[in-house]
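Please read through the structure below; I'll follow up with questions.
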Amino acid sequence: MNKENKHFRLMPFLWSNKLVLFIVTILMILFAAFIAAIPYSMSFIIDNGLKAKNISVLNIIFIIMGIFAIVIAFSQVFRDYLYLDFCSRLLKAIRGKTFSYLQRLSMCFYSKTAPGDVISRFSSDLAVIEQAIVYAPNYLIIPIFNAAITVFLLYNLDITLAWISMLIFPACLIGPIFLTAKASKAGYVRKKSEAITISDVQTNVVSQSVVKALNLQGLSINFFEKNNIRLHKNMLKALFYSSLVERSGIIAAMILQVIVLGIGTYMTFYEYLQVGKLVAFQGLFLGLTYSVITGSSFIPMIVQGKVGFGRVNSLLDELPIVEDIPGAIELAPFEKEIEFKNVTFGYTKTKKNLDELCLTIVKGTSVAFVGPSGCGKSTILNLLMRFYDPDSGSVTIDGCNIKKITQSSLREQLGIVLQDNILFNTTIMDNLLAAKLDATQEEVFEAAKKAEIHDFIMSLPDGYRTLAGERGGQLSGGQRQRIAIARALLHGGNILILDEATSALDPVTQASINKTLAKIAKEGMTTISVTHRLESAADMDKIFVMDSGKVVEQGTHDELLSLNGAYKKLWKTQS
Ligand code: ADP
């Protein structure tokens with residue numbers, strides 16, 4: 001897929017809204033024409049009405065203008081609605097496409113990207129796109145139409161003065177032309193700084209318990225202040241360039257207004273120009289000046305909108321490392337065994353995190369991966385869940401390479417419990433149903449019973465309707481883990497993956513949950529566990545002892561102890 005295909009493309013969206021945009025454009029032209037018509041009418045009011053003392057000319061002018069004023073005023077309310085509806089649909093489409101694409105991106109992207117960076121695309125970048133498109137009619141498009149109509153009317157009033165007035169265009173556009181590139185670059189740098197600051201705040205908020213416990217407030221403030229100062233500098237630069245663009249236009253317009261008024265007055269004095277035309281010309285020229293300045297000073301906002309749009313689109317440049325191949329098949333229910341065949345894998349090109357790994361996990365057994373921190377235990381699970389693909393070798397389920405299987409059908413068969421399981425801030429029932437939206441109440445209760453949390457939930461005043469709290473904060477660590485186990489049981493087929501599932505718990509809670517897990521394993525569930533606490537693995541059917549990305553020993557707890565090798569050493573250290 002090339003980049004252009006993945007990007008959000010504006011033209012097809014505009015084309016599919018052509019009727020709306022056509023009506024909006026016509027209504028904008030009408031409005032611009034009316035604004036120009038008011039000063040232009042001064043020429044008739046003064047020369048043909050007031051000076052000629054002709055009341056019927058004045059009556060006709062004001063009746064026509066009154067009717068137009070009412071019709072145009074109401075038509076603009078209709079235009080606002082049509083256009084704002086178009087804008088919000090456009091933003092909805094950009095948000096929708098970007099969010100869906102984020103769901104396709106692999107874990108590799110999430111492990112290297114700060115959440116704040118992604119969030120800023122949805123907050124500040126979309127905000128500048130919104131500003132650019134929502135204000136474009138009033139600050140850019142209507143001024144352009146108004147300028148075009150005004151120029152036509154100026155030439156109609158007096159050609160010499162009109163030619164002099166045309167200097168307004170180079171005078172007001174020179175600033176934007178020379179400064180827009182600089183303003184755009186400064187805008188981009190500012191956005192990057194803003195994303196870093198948002199990330200800082202986010203990291204600080206989610207890690208408040210650590211910040212408080214380790215008294216890191218001062219350090220956090222210092223760290224934040226460094227980025228805050230950088231943001232302040234970049235922001236000042238971006239804002240100053242934007243205001244320079246506007247200011248250069250205003251200065252040029254001020255000087256030119258004096259020139260045009262002076263020449264026009266002398267022309268009238270020497271009777272080259274009628275008084276009404278001079279007044280109309282000045283009114284129109286003021287309007288033209290206003291339009292050109294408004295339009296040119298809106299250019300930086302368009303530039304910022306473009307930068308924001310570019311940043312949102314650049315998220316769509318990220319390649320999903322793991323993708324379903326064309327014609328990927330659905331995984332059949334797990335029957336026999338999971339096999340890692342000569343699997344070599346590295347998160348980076350420079351290091352192998354798994355090295356020619358070979359192992360087999362038979363259906364219905366419980367296995368554990370143990371070994372020193374960083375030896376590659378969780379990496380095995382990452383490959384089994386297909387968060388990453390091996391660099392060489394293969395992972396197969398019942399002989400079928402998981403690369404040939406759709407990711408959704410693979411993950412449907414896997415239930416996973418992590419060390420820190422995210423519970424959503426909604427009811428316990430909704431948290432469980434997240435794993436299987438169409439589960440019946442009986443299925444939910446059964447999973448909760450297996451996880452031995454059903455009785456506890458029922459003892460709560462609101463039962464399954466109890467709120468779990470932000471990130472599950474209303475529940476104890478053990479209760480959260482049991483709910484996560486119930487959720488995994490409800491979601492998965494026959495494979496339960498436990499990644500340090502009980503490692504963060506106190507020994508009593510850990511032992512009690514381990515007992516529950518052992519019971520679940522005995523009921524025919526294939527349990528694959530990663531743990532650094534050997535006592536959690538001691539009852540497993542098979543233990544794989546890992547070191548530096550390789551399995552160095554395997555067997556039951558007793559077999560491994562009798563080997564007098566790496567496992568025995570670890571066991572001794574831990575006991
Ligand atoms: P553990 O045995 O403690 O579960 P892991 O499988 O998590 O170890 O990690 C194995 C090695 O891979 C470690 O050295 C770790 O630093 C590295 N690693 C883990 N995740 C990533 C990642 N997303 N990017 C780069 N290196 C990683």
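Note that ligands are numbered from 1 as they come in the structure, with each ligand's atoms numbered from 1 the same way. Remember, predicted model here, so these are calculated numbers, not experimental data.
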Element-labelled atoms of ligand 1 that are located less than 4.0 Å from some non-hydrogen atom of Ser111: 23 (N)
Going by the ring-ring contact (aromatic ring centres under 6.0 Å, His included) test, which pairs reach into residues 305-359, not counting sequence neighbours? Phe345-Tyr347, Phe345-Tyr388, Tyr347-Tyr388
Close-contact set for ligand 1 against Thr379 heavy atoms, below 4.0 Å: 5 (P), 6 (O), 9 (O), 10 (C)
May I ask whether atom 5 (P) of ligand 1 is less than 4.0 Å from at least one protein heavy atom? yes
Mark the output for Phe387 as yes if a heavy-atom distance to ligand 1 is under 4.0 Å, and as no if none is. no
Atom 7 (O) of ligand 1 - nearest protein heavy atom and its distance: Ser378 CB, 3.6 Å
In this structure, which one of Ile361, Thr360, Leu359 forms a side chain to side chain contact (heavy atoms under 4.5 Å, CB included) with Ile338? Ile361
For Tyr388, atoms of ligand 1 separated by under 4.0 Å from a heavy atom: 23 (N)
Strictly by modelled atom types, are Gln208 and Asn204 linked by a side-chain donor-acceptor pair under 3.5 Å? yes
Is there at least one protein heavy-atom neighbour under 4.0 Å from atom 27 (C) of ligand 1? yes
Subset of ligand 1 atoms that lie under 4.0 Å from at least one heavy atom of Lys351: 14 (O)
Among Asn353, Val370, Asn382, closest by heavy atom to atom 17 (C) of ligand 1 is Asn353
Acceptor/donor pairs from residues 105-113 side chains to any protein atom, 3.5 angstrom cut, sequence neighbours excluded:
from, atom 1, to, atom 2, distance (Å)
Ser106, OG, Ile321, N, 2.6
Ser106, OG, Val322, N, 2.8
Tyr110, OH, Leu102, O, 2.5
Ser111, OG, Met107, O, 3.4
Ser111, OG, Cys108, O, 3.0
Lys112, NZ, Glu318, OE1, 3.3
Thr113, OG1, Phe109, O, 2.6

Pick from Phe345, Phe369, Tyr347: the one approaching atom 19 (C) of ligand 1 most closely through a non-hydrogen atom: Tyr347
Looking at Arg465, I want to see if its CZ is surrounded by more than 12 non-hydrogen atoms of other residues, nucleotides or ligands under 6.0 Å. no
Please determine whether the number of non-hydrogen atoms from other residues, nucleotides or ligands lying under 6.0 Å from atom CZ of Phe99 exceeds 12. no
Reference residue Lys436; test side-chain hydrogen bond (donor to acceptor under 3.5 Å, both in side chains); the match among Glu412, Glu443, His491: Glu443
Heavy atoms of other groups near Lys363 NZ, more than 12 under 6.0 Å: yes
With a cut-off of 4.0 Å, which atoms of ligand 1 are near a heavy atom of Gly374? 1 (P), 2 (O), 3 (O), 8 (O), 10 (C), 11 (C), 13 (C), 14 (O)
